[in-house]
Amino acid sequence: MKFQKPKGTKDILPKDINKWHFAEKTVREVSALFNFSEIRTPTFEYTDLFNRGVGSETDIVGKEMYTFPDKGGDSITLRPEGTAPVMRAYVENSMSAEQPLHKLYYLTSMFRYERPQSGRYREHSQFGGEIIGSDSIYTDVELIMLAKEVYNRLGILNFKIKLNSIGKSDERKSYIETLREFLKSNINELSEESKKRFETNALRILDSKNPVDRKITEEAPKILDHLGSESRSRFDMVVNELTRLGINYEIDFRLVRGLDYYTDTTFEFISEDLGAQDAIGGGGRYDGLIELLGGKPTPGVGFGSGMERILMVAEKNGFEFPEPSKPKIYFIALNEDAKKTAFESMTELRKKNISCETDLLGRSFKAQMREANKLECLFVFIIGEEELKKNKGLLKTMSDGSQAEVEFNKIADYLK
RNA sequence: GUGAGCGUAGUUCAGUUGGUUAGAACAUCAGAUUGUGGCUCUGAGGGUCGGGGGUUCGAAUCCCCUCGCUCACCCCA
């Protein structure tokens, strides 16, 4: 095999494409239902956007980015996540001047240089939503509802919603001190990774999968108990509203998220039908991000959700995707003149939005019939020498085998 | 970056303690009296057994290297 696709990428072949089309259509329909508008940003950005926006201490920026110098010497990075680019576009295009509130969604590829495994690719497709300009608790709630609706429409019902709040930046800072104080006595027992994090990003020790780490952090002070009263009551209001709307969730003190821009509410959608990579979506508030990127202080909240993972869960649940459309009528032409006539008729039918197909391999009558049958065409239109003489072809209905003589320019009238 | 498992036709897989031209099913294509599909029957094409090196009279099978895939760690969607 001479050429192979790069590691962690995939070809989506025709036999699978209808699943993608349906999932994408669902995302767009539900987004419209919630009055979200699509935004498209470039596939690559200047590297600095992610260094500043996502945080240089995060793993995504620290070790997972596709970064390279372009021919002019600028450092370019393939977009590893959706929020920072959208916020950059929001600021750069002065979108706040048009209207105070924006509800945006995207559906596009993300790139991360990681070792592939189940549910993880180097290029993967993500849909996400962002609400910019409001700090209302209803924005948090609405995003969760949006994601949930998309999942539900793809037959995904058995997922958990995990919630937490990591408060404002100063609250988080002081909590981290509290956490460090607590961990200090056990620091030697922590995993190597967590030891490093003790200095750089102690919060992340909470979401370590290492059993020893987890045991130690089980008894750690909870961030929810260390929030200011405003942040705490805001979180309670989000939770109460979700309860009122009948949404099931669980509060998880370990849910701290790996991107630096998050504040207050964080949430994740977890499916038990996946392997180790079990998050089908996640997000949270990022009230400081826009200011960090040079805009006016503006609140925001958003989430991202992996299309491959969504499709995996949908398939595992046996969701029945709609069948791809088949040509309605197959033209069997038995000689050159017949072929010309067939193409005239097909041109007319296609103008009328009727899908049709004919043989392009010069195969026998029988083989063409088989092909029509395999394509599940409802009709076959046969043109041979006799038909050309009569100026009428044979329209065969495949379901019952009946045939009728039909003029070449009147076929559409007979297709019901 | 670390670890484990796995690479045989398009696909799913057989392949006996190393032994002759590497098999099956499905799929593909072509026929089964001349211009008619599904079912059935017959036949055909398709593999440098991931690649390279080694051991051996002889390697798909044993050893080494390499590439790839898969899963897990890490991290995240």
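Note that the coordinates shown come from a computational prediction; the quantities given were computed from them, not determined experimentally. A note on names: the letters A, B, ... follow the listed sequences, proteins ahead of strands, and every chain is numbered from 1.
One N or O donor and one acceptor, one from the side chain of A/Arg309 and one from the base of B/C76, sit under 3.5 Å apart. Checked by distance alone, A/Lys396 brings a side-chain donor or acceptor within 3.5 Å of a matching partner on the base of B/U36.
Among the heavy atoms of the strands lying under 4.0 Å from A/Tyr121 is at least one base atom, whether or not backbone atoms are also near. Within the nucleic acid shown, A/Glu268 has no heavy atom closer than 4.0 Å to any nucleic acid atom. Residue contacts shown for A/Leu394 include a base, since a base heavy atom lies under 4.0 Å away.
Each of A/Asp135, A/Asp140, A/Thr263 was checked for a side-chain hydrogen bond (donor to acceptor under 3.5 Å, both in side chains) with A/Arg285, and the lone residue meeting it is A/Asp140.
The side chain of A/Arg363 places an N or O atom within less than 4.0 Å of a non-bridging phosphate oxygen (OP1 or OP2) of B/C29. Under 4.0 angstrom from either OP1 or OP2 of B/C73 there lies at least one side-chain N or O belonging to A/Lys209.
The nucleotide whose nearest atom lies closest to any side-chain atom of A/Arg370 is, among B/A77, B/U36, B/G31, B/G31. If you check B/C67, B/C71, B/G37 against the side chain of A/Gln4, the one that comes closest is B/C67.
Between the CD atom of A/Glu130 and the C1' atom of B/A77 there is a distance of 13 Å, given to the nearest Å. Between A/Glu193 atom CD and B/G3 atom P the separation is 16 Å, expressed in whole Å.
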